[in-house]
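A note on names: the letters A, B, ... follow the listed sequences, proteins ahead of strands, and every chain is numbered from 1.
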Amino acid sequence: MTTARIDPHKLIDFATAVYTGAGVPADDAALIADTLVQADLWGHQSHGVLRLGWYLDRLRNGVMKPVTRHEFVVDAGAIAVIDGHDGVGHVLTRQATHDAVRRAKAHGIGAVGLRNSNHFGTCMYYTLMGAREGCVTMLMSNGGPAMAPWGGRKKIIGTNPWSIAAPAGCYAPFVMDMANTGVARGKIYLARQKRQPIPLGWAINSAGEPTIDPQEAIDGIILPMAEHKGYAIAAAIDLLSGVLTGSGFLSAVHSPYKTAEKSNCGHFLLAINIEAFQPLAQFTDRMERFVREIKSVPPAKGFDEIFYPGEMEAHNDAGNRREGLALPDDTLADLRRIAGETGLEEKLPEPKVKSES
Amino acid sequence: MGDNRVFAIEALRQFIVQAFAAADVPAAEGKMVADNLIHADLWGIGTHGVSRFPIYLKRIQAGAVNPRPEIRIDNSYPAVLSVDGDNGLGAVVTVKALDAAIAAADKFGLCAAGIKGSNHFGAAGYYCDMGARADFITIVLTDAPPAIPPWGGKEPYFGTNPIAVGLPRKGKPPVVLDLATSIVARGKIIEAAGRGENIPEGWALNKEGTPTTNSREALAGTLLPMAGPKGYALALAVEHLAGVLTGAAFGRDVAWQYGDKQSPANVGHIIIVLKADAFIGLDDYHERNERFFREIKACEKAAGISEIYLPGERERILAQTLTKSGIEVPGGLVKEFETIARQYGLSLAGA
């Protein structure tokens with residue numbers, strides 16, 4: 001193999017330095033950095049360091065406050081609503097996850113709504129935190145307008161991603177993480193960055209016609225997954241994340257790449273304490289059987305193996321941690337630009353070709 | 001097959017309640033099931049409507065479903081209920097669990113009820129509608145007998161595993177979404193097979209794992225998930241929450257009511273109810289909610305579209321019509337009703 005790879009730890013250090021330089025406290029900066037690099041490690045490059053500059057620009061533009069100040073608007077046993085006052089979405093969501101888990105440990109289930117937050121990266125980063133604490137954890141967020149209600153042709157609903165994670169005993173945790181669009185918006189940005197066409201059926205252009213051009217798709221409308229079903233789920237997520245938390249909803253929410261606009265996004269977290277349903281050991285047995293049974297279904301033509309959600313990510317993570325990260329050239333160029341602007345050239349790790357033994 | 005026949009809602013309800021009563025189901029509980037089935041028909045979901053009544057009754061007669069369950073509701077944590085349905089009819093178990101969940105959520109802001117030992121419960125959206133009418137955001141998930149494979153597999157493992165959510169509104173019926181994580185409801189293929197019709201491509205694989213448009217082959221093979229691998233992930237999440245977590249059966253252990261009339265199905269459901277005004281206050285919620293729905297309805301329409309509907313809105317419009325006109329029952333099903341009527345000496349009055 002001749003692919004040049006980057007040491008993920010050094011990349012985290014670099015990203016941390018970028019954000020501390022912008023006024024983010026060290027621990028918070030390390031969190032943002034870790035979420036970005038972790039997304040790359042999982043193989044989700046659309047949510048990886050590709051976005052490093054977006055958050056930096058948001059900090060520079062003052063629409064994401066470097067020092068996060070959260071305020072409990074509701075603090076009532078099993079439920080809470082937190083006002084994030086436009087702080088760092090990652091920091092707020094980490095805190096909300098811990099808080100929801102704490103409430104679930106006492107009440108069996110805990111729900112935390114977050115208002116006036118910011119884009120937090122990848123949902124599964126946080127649901128996995130909850131799963132590690134013995135809770136089935138669900139996180140959802142609204143986002144900037146990306147798709148139309150079914151039958152409409154104006155973007156007013158976000159891709160509104162959501163994730164559910166649960167521990168799976170001796171196996172890597174089960175974790176689903178999806179946008180309700182046929183495809184995550186980030187994948188279209190990645191296609192644009194890689195200068196590749198997108199498959200037909202992902203989006204329509206602004207004239208309402210099918211397109212394979214990523215730029216036309218970005219200017220047009222992404223279609224929901226499963227047609228009206230994706231629309232219905234996205235609307236329900238906006239209701240829980242936006243309407244119910246007291247945050248922005250529909251067109252009042254702005255996407256993270258619109259780096260000069262306040263986000264207004266809201267999130268909704270649900271932590272379910274497994275032990276409120278059955279002893280953890282029993283759950284673990286059942287979960288391991290569940291995974292074994294799923295994986296033992298005979299493969300259809302053209303498939304070698306059945307994977308459960310979260311399995312590929314765990315596999316990628318292990319491989320990328322061992323071998324280092326291979327990033328697209330455009331992303332590397334973007335990192336160099338940021339290093340130059342912030343005077344952190346020394347900190348930016350260079351991709352290296354590992355010598356074969 | 002015989003002729004279709006239109007039944008008045010009340011006549012249909014009476015008939016179902018009386019037939020259940022003859023099979024030892026208490027009248028109040030028979031009514032819970034009848035209401036659930038009739039609502040599905042009113043909403044145009046015939047696959048989950050009174051067409052399911054004969055199999056429910058047959059399973060009671062065969063001793064596979066308990067007509068007088070002692071439903072146990074425990075909670076070792078304040079906001080979580082563990083419900084054992086004692087193999088009762090799905091609607092009976094679920095309505096009782098929902099009532100208990102609402103009472104707990106009224107105190108704690110939210111409640112999750114995990115239900116095991118239940119049976120097929122009809123349309124999930126019905127319970128979301130009930131919860132939302134009491135001003136609780138209501139999420140209902142259920143597992144079901146194997147119908148769809150994991151992505152890349154050729155044998156069914158997950159049920160069609162619906163996701164249903166009810167959203168309360170002020171002075172208006174709730175917005176209810178209710179969607180199978182399979183590409184279509186299995187009932188649609190049963191219907192097509194009943195009519196001897198083909199199904200569209202992309203709905204199902206045959207037994208060998210090859211795509212098929214033959215509805216009978218599809219019933220012997222496997223449905224596909226909605227939205228490809230995403231639907232697989234969702235079906236898995238629902239099976240996990242409703243089956244693995246609740247202690248109910250999951251995967252191949254969930255019995256199919258048509259195939260296996262003897263053993264308990266041990267279907268699992270999970271209900272999560274959230275008290276809307278625990279988060280932002282009811283007035284605030286309603287004001288924001290109505291603005292939310294108004295903005296969606298006002299979206300610029302695509303070519304050929306006359307109106308943008310909220311989830312469940314078209315079903316409401318249909319229900320208004322059918323409540324007046326009555327429900328048309330297909331000839332084959334009328335025959336089954338007549339057999340049941342004769343068996344128990346009941347009258348079967350039309351509209």
Item to complete: Please check if the side chain of B:Arg288 supplies one atom and the backbone of A:Ser247 the other of a donor-acceptor pair under 3.5 Å.
Response: yes

Worksheet item: Got a donor-acceptor contact below 3.5 angstrom from the A:Gln278 side chain to the B:Leu245 backbone?
Response: yes

Which atom of [X] lies closest to which atom of [Y], heavy atoms considered:
| X | Y | answer |
| --- | --- | --- |
| A:Glu293 | B:Phe250 | OE1-CE1, 4.0 Å |
| A:Ala232 | B:Pro311 | CB-CG, 3.8 Å |
| B:Leu177 | A:Ala236 | CD2-CB, 3.7 Å |
| A:Ala276 | B:Ser82 | O-OG, 3.8 Å |
| B:Cys299 | A:Ile156 | CB-CD1, 3.9 Å |
| B:Ala233 | A:Met176 | CB-CB, 3.9 Å |

Heavy-atom cut-off 4.5 Å, strictly under: side chain, backbone, both or neither for [X] against chain B?
| X | value |
| --- | --- |
| A:Ala80 | backbone |
| A:Val243 | both |
| A:Ile164 | side chain |

Worksheet item: Hey, would you say the A:Tyr308 and B:His240 ring centroids sit under 6.0 Å apart?
Response: no

Discussion item. As an exercise: rank A:Gly77, A:Ala235, A:Ala104, A:Ala148 by heavy-atom pairs under 4.5 Å with chain B and give me the winner.
Written reply: A:Ala235

Worksheet item: Do you know which of A:Arg289, A:Gln282, A:Lys301 has the most heavy-atom pairs with chain B at a distance under 4.5 angstrom?
Response: A:Arg289

Worksheet entry | Straight-line distance of A:Phe249 CZ to B:Asn289 CG, nearest 0.5 Å | 8.5 Å

Discussion item. So B:Cys111 and A:Ile109, do their side chains get closer than 4.5 Å, heavy atoms only?
Written reply: no

Worksheet item: Are any of the side-chain heavy atoms of A:Val74 and B:Ile280 separated by less than 4.5 Å?
Response: no

Chain A contact via [X] - side chain, backbone, both or neither, heavy atoms under 4.5 Å:
| X | value |
| --- | --- |
| B:Leu236 | both |
| B:Ile183 | backbone |
| B:Tyr157 | side chain |

Worksheet item: What is the ring orientation for A:Phe290 with B:Phe158, classed by angle as parallel under 30°, tilted 30 to 60°, or perpendicular over 60°?
Response: perpendicular

Worksheet, complete the sentence: Counting heavy-atom pairs under 4.5 Å with chain A, the top scorer among B:Glu287, B:Lys301, B:Glu208 is B:Lys301

Response to the item:
In terms of heavy-atom pairs under 4.5 Å with chain A, the winner among B:Gly231, B:Pro150, B:Gly243 is B:Pro150

Item to complete: Give the C-alpha distance, both sets of side-chain angles, the deciding distance and a yes or no for salt bridge (charged side-chain N to carboxylate O under 4.0 Å, His left out) between A:Lys229 and B:Asp178.
Response: CA-CA 9 Å; A:Lys229 293 186 184 181; B:Asp178 182 354; over 6 Å; no

